[in-house]
Amino acid sequence: MSQLVRTRITSREEPAPGFCLIEFYAPSLARAAQPGQFVHIRCGEGSDPLLRRPISIHAVNRRDGLVRILFQVVGRGTALLARSGEGMIDVMGPLGRGFSRGQACRNCNNSSGNAPAGTGNTGDIIVVGGGIGVAPLHFLLQEIAGSGESGRTTVLLGARSAGQLLIREAVEKMGFVVHVATDDGTAGHHGPVTGLLANALRRHPGFVYACGPAPMLKTVCALLAEAGVPGEVSVEERMACGVGACLSCACRVRDAGGRETYRRACVDGPVFPAGEVVW
Amino acid sequence: MSQLVRTRITSREEPAPGFCLIEFYAPSLARAAQPGQFVHIRCGEGSDPLLRRPISIHAVNRRDGLVRILFQVVGRGTALLARSGEGMIDVMGPLGRGFSRGQACRNCNNSSGNAPAGTGNTGDIIVVGGGIGVAPLHFLLQEIAGSGESGRTTVLLGARSAGQLLIREAVEKMGFVVHVATDDGTAGHHGPVTGLLANALRRHPGFVYACGPAPMLKTVCALLAEAGVPGEVSVEERMACGVGACLSCACRVRDAGGRETYRRACVDGPVFPAGEVVW
Amino acid sequence: MNLAVNLGGIKMKNPVATASGTFGFGLEYQPYIDLQRLGAIIVKGTTPSPRAGNPPPRIAETPSGMLNAIGLQNPGVDRVVEEILPRLAGLGTPVIVNIAGDTVEDYALVARKLDGAPGVVGLEVNISCPNVKKGGIQFGSDPRSAAEVTRAVKAATGLPVIVKLSPNVTDIVAMAEAVAEAGADALSMINTLLGMAIDVDRRRPVLGNVTGGLSGPAVRPVAVRAVWQVYRAVSLPILGMGGIMTARDALEFILAGATAVAVGTANFVNPRATVEVVEGIEQYMRENGFTDINELTGLAQRNVAGC
Amino acid sequence: MNLAVNLGGIKMKNPVATASGTFGFGLEYQPYIDLQRLGAIIVKGTTPSPRAGNPPPRIAETPSGMLNAIGLQNPGVDRVVEEILPRLAGLGTPVIVNIAGDTVEDYALVARKLDGAPGVVGLEVNISCPNVKKGGIQFGSDPRSAAEVTRAVKAATGLPVIVKLSPNVTDIVAMAEAVAEAGADALSMINTLLGMAIDVDRRRPVLGNVTGGLSGPAVRPVAVRAVWQVYRAVSLPILGMGGIMTARDALEFILAGATAVAVGTANFVNPRATVEVVEGIEQYMRENGFTDINELTGLAQRNVAGC
Ligand SMILES: Cc1cc2nc3c(=O)[nH]c(=O)nc-3n(C[C@H](O)[C@H](O)[C@H](O)COP(=O)(O)OP(=O)(O)OC[C@H]3O[C@@H](n4cnc5c(N)ncnc54)[C@H](O)[C@@H]3O)c2cc1C
Ligand SMILES: Cc1cc2nc3c(=O)[nH]c(=O)nc-3n(C[C@H](O)[C@H](O)[C@H](O)COP(=O)(O)OP(=O)(O)OC[C@H]3O[C@@H](n4cnc5c(N)ncnc54)[C@H](O)[C@@H]3O)c2cc1C
Ligand SMILES: Cc1cc2nc3c(=O)[nH]c(=O)nc-3n(C[C@H](O)[C@H](O)[C@H](O)COP(=O)(O)O)c2cc1C
Ligand SMILES: Cc1cc2nc3c(=O)[nH]c(=O)nc-3n(C[C@H](O)[C@H](O)[C@H](O)COP(=O)(O)O)c2cc1C
Ligand code: FES
Ligand code: FES
């Protein structure tokens, strides 16, 4: 169950200029967290900025009760978080529905029926991340590696340039095959990571997990639909409450009957079946 | 002339629980500052809290270009200031009209005509401070000591209890005779510092300088009027601009013709002739 | 110490409610607080038929505030009565349903369907939502229409009726007088201020709906003023809200004239805000020697000369 | 790059003015900025006779905002004309005088006395000050009275007349239309929102005047919305203000429809705010390939479907 904790920051790093990796102590949060879930963080004490900021769970160390988040400094909230003086952090979580790995496949009802990894599916897995969207995928890959499925998993990572391929090394160390793409061509494929995905889909994998900026996810969903491959994407919407109470985070989806409607990214997502999201 | 500077904090101390002494580097501010003047400080980066906070100049070290402020943590602004992480401070100043020591006696026109210290007056001087009101008096006493007048000056300090007689030691070291009063009787006279003043006024001093909470200053002014002794008090009003532009800081005064009117504490004060202020 | 208040016939064990639209249908905050500690739960605005709501983005953060343009997304009164209210009935906390519509008949219909619904102790009539095209705002800015809606709802239900006023009017006192005259049992104020934000990089409004309602601490001075003005003119009990984050904020409303308060946007920032407000009010009363919360209502009015 | 704008006949070298009442009579900020960098200086509200203003406390800080109840303290129009304006005349920056009064005749009188005063390029008619007992607020909330004041001022002066609107109304567009019809050359908006704060420890209002006007970043969403609404309904140029702290804030107003902007409360926080807004607008234009500031006015309106 989600908790509200004010806890100690155990480490803070700058893995690349403009990015921040924070580790904090929260044992029961670490225990409960699933890949794709997020925490909701208060970035200051006053009322400006007012709202919490949703940040995905990047890694957990259940033994030591530690949770990590990785984020990009894009505005006031993340800037404050990156240098919050007191060494404390105020987090709610874990929140949201994560990737459907290893759980009852709730998403399969609405989607094509193919089961995702960890639920008996035997096809190959592709994990594709762009920009800071790689943050939650790191946690997902930890779990996939833990269940011994790294051998049948391909990881595609995209970034603006080589220096921003934040999780590449960590994921390679876990034993995954990683292909990279950069917008400026400083590493791997010169172009968007969806270029790599288009190729990879030709090998008819069993399931695709994706997270990244909206235009990338839109392309991913289109490619999956074309290839007939099931998958899940983690979307970003602006959030106020993070717990399903305010209806701020409406994500347009197609329901079982094919009708368009809104679902709450904070509790019905942020991970949705690729086929459901209306872009 | 007043300046806007964003500068380095060179030291920060806690002289007593709930009080903070900050020193910062601002050579031209140090050079221009007069006792009784204040600086106007931005306490946070966001818009909450929004306004600057006025804090008196507590001490200057003109040789090294250093300025000190001493303040009590009473709310959000002062709390932020007492632990502002980055080691920088954003100050405007020096602002306001200080004590009329050694300057053309602008205040004498409206008041009883007795000249204050340093302007040829030969009577004894009494400096009386209550609570955090001692902050600007420290600077005043530095200047009085500097002009060799400590011999004819008596200092009366009041505080809630012994531990909060913040400037006592420093002022004794400067060579002043200091009498103290505490509300709880833990040091000196048991009762308000105005009790000491009533006694001291019997010796018909030449001029009195006072700063402290409003009720204390009200009593000081009444005592001075009764004793026929001239003096100056430094008042506190809420301030927005600090430069005379917004008319927020209205202090009710009696003008030369005896009519009540408002004057701006930030530029016409914060130091006013004791006889002018309407309580 | 007595914290209990009577809001126009609605008995609350303490004066702290949740503001409509910010607390879902009540259960979302269960992981963080004991819902029984609340004076009342006011649930999301409910309309005759289901509503999908407005296109995203639906919120924008502003200095000490936020804009929302949810667009009254709700499952419609029938599902609320059949599926949602029964789940809340067991909580032991009074539930007030916020109702809305496009026409006077809509309001009456929703009120009628909620009459006798389990656990429901009152209705809050939202005549002031700035985020729906029809209805809403007009009812909230014209005293005559507001009175008409009030009368229709009163006729349709035996439940106490709170009418929720908009701050987007020239004269909130005239609105209050009109709905009081029409039979309202209590008043709640304020709903959000009409605002908007522009995305300077994309050079277009941030919100999908262009304009939205401003809430949060930024609006508190406007809300306290509204309560102050209405308290002196109208004798109905007031449910005050707008930017309450802490017990001290809540006490501003109570001292200005509110019988009870609602906590809205603060829930998003601090999910324990409601309970902390209750505890803070208790502490204030203890420290200041008050034994009955009702002594505090309007006290600041009596401390002003000539009032 | 062209930053010059024409605000209803007032030529400004850039679109950034100071908001009345926040910049004194102009010279107070000289230690911090080069006054010549400003598009215009709008000075404190001026009335026929001197006014002492309201009893202190006159301000209170609120979340991302402040309340003020200065009460139009000013030395009266005669001293303004004789002593103050001559000092500003040499600055080379256009001066706009904000005028106020209790009656239509008051406004006309002040306008007449300012006609031909050295350095004055226009008048801003404050029909919306919430802090004076008589006049002010009524003119600002009734379209007919607002039109009457506008006509009287226009008849009394040859200077361009800007009418300053209050946000404390149900329909700001109706106010704008009325004063446009009555001959206003430009509109300025918004004046402060009526608010108050209560001192919970003393259990009385913080301000000596009980209520005051809310300004600062907290009100920006309301102000941007007002500009947006009025721009689409009325063809007069708009001077937008309310919570502008930075160039990006100013650009929200311009993109919503303002021809020029005024910086108020921000001066207190950052005395260089005005000049930084000018510089930030230049930078934005450079970075986004705009060569004329006038291209930006109302641009966000054109980027919304169906507008
Ligand atoms: C479920 C979820 C998980 C996320 N996980 C991560 C993560 O692991 N690492 C990471 O770096 N970022 C993550 N984000 C995005 C992160 O929440 C925003 O970058 C952050 O809120 C920006 O706050 P700010 O105050 O720094 O920026 P602001 O000043 O608020 O805004 C800067 C820019 O970010 C955009 N933005 C602001 N809030 C959001 C939001 N809630 N969703 C989308 N865009 C927003 C704004 O439109 C603006 O362009 C996640 C978002 C969601 C919804
Ligand atoms: C000219 C001048 C010089 C001052 N010098 C000093 C000094 O040297 N050391 C020092 O500790 N304090 C000094 N003060 C008082 C200091 O400005 C306030 O304590 C401070 O602004 C409080 O800010 P805050 O955010 O911590 O408290 P807030 O949360 O803003 O308020 C806490 C309490 O302080 C009161 N307060 C807030 N602002 C002011 C103000 N401008 N004037 C009076 N009371 C206020 C409030 O009413 C409230 O009761 C001075 C004030 C003035 C006007
Ligand atoms: C996201 C959101 C949704 C809201 N939905 C409703 C609603 O459905 N009905 C209603 O009467 N008020 C609604 N409101 C207004 C609040 O109930 C409250 O009046 C307002 O937000 C001011 O209080 P606050 O500043 O504490 O949030 C909503 C407010 C927010 C922020
Ligand atoms: C201290 C103060 C005094 C003001 N005095 C006047 C005035 O005399 N005449 C007027 O038209 N507006 C006056 N205003 C309103 C401002 O000009 C401006 O409309 C308002 O503050 C909103 O802008 P801001 O948020 O940038 O301050 C005053 C505002 C403040 C804060
Ligand atoms: S953020 Fe409140 S419902 Fe999703
Ligand atoms: S604080 Fe603005 S005039 Fe004094």
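Sequence lines set the chain letters: A, B, ... in the order given, protein chains first and strands last, and positions in each chain run from 1.
A salt bridge does not link B:E45 to B:R6: none of the charged side-chain nitrogens sits closer than 4.0 Å to a carboxylate oxygen. One finds no salt bridge joining D:E61 and B:R238 here, because no Lys/Arg side-chain nitrogen approaches an Asp/Glu carboxylate oxygen to under 4.0 Å.
For a residue to count as touching a neighbouring chain, one of its non-hydrogen atoms must lie under 4.5 Å from one of that chain's; by this rule D:Y32 touches chain B with the side chain only. Heavy atoms of D:V206 lying under 4.5 Å from chain B belong exclusively to its side chain. Looking at B:M92, only its side chain comes within 4.5 Å of chain D, counting heavy atoms on both sides. Neither the backbone nor the side chain of B:T261 comes within contact range of chain D; no heavy atom of the residue lies under 4.5 Å from a heavy atom of that chain. Of the atoms belonging to B:E260, not a single heavy atom falls under 4.5 Å from chain D. Looking at D:Y29, only its side chain comes within 4.5 Å of chain B, counting heavy atoms on both sides.
Residue with the most contacts toward chain B among D:G65, D:G26, D:G216, D:G264: D:G65 (heavy-atom pairs, distance under 4.5 Å). Per-residue counts of heavy-atom pairs under 4.5 Å with chain B were compared for D:G53, D:P57, D:P55; the largest is that of D:P55.
Within the 4.5 Å cutoff, the side chain of B:R8 has no heavy atoms near those of the B:F24 side chain.
Judged by the 6.0 Å distance and 45° axis criteria, B:R53 is not positioned over the aromatic ring of B:F71.
In terms of modelled atom types and a separation under 3.5 Å, the side chain of D:T93 and the main chain of D:L35 share a donor-acceptor contact.
Nearest heavy-atom pair, B:C20 versus B:A82, reported as atom, atom and distance to 0.1 Å: SG-CA, 3.9 Å.
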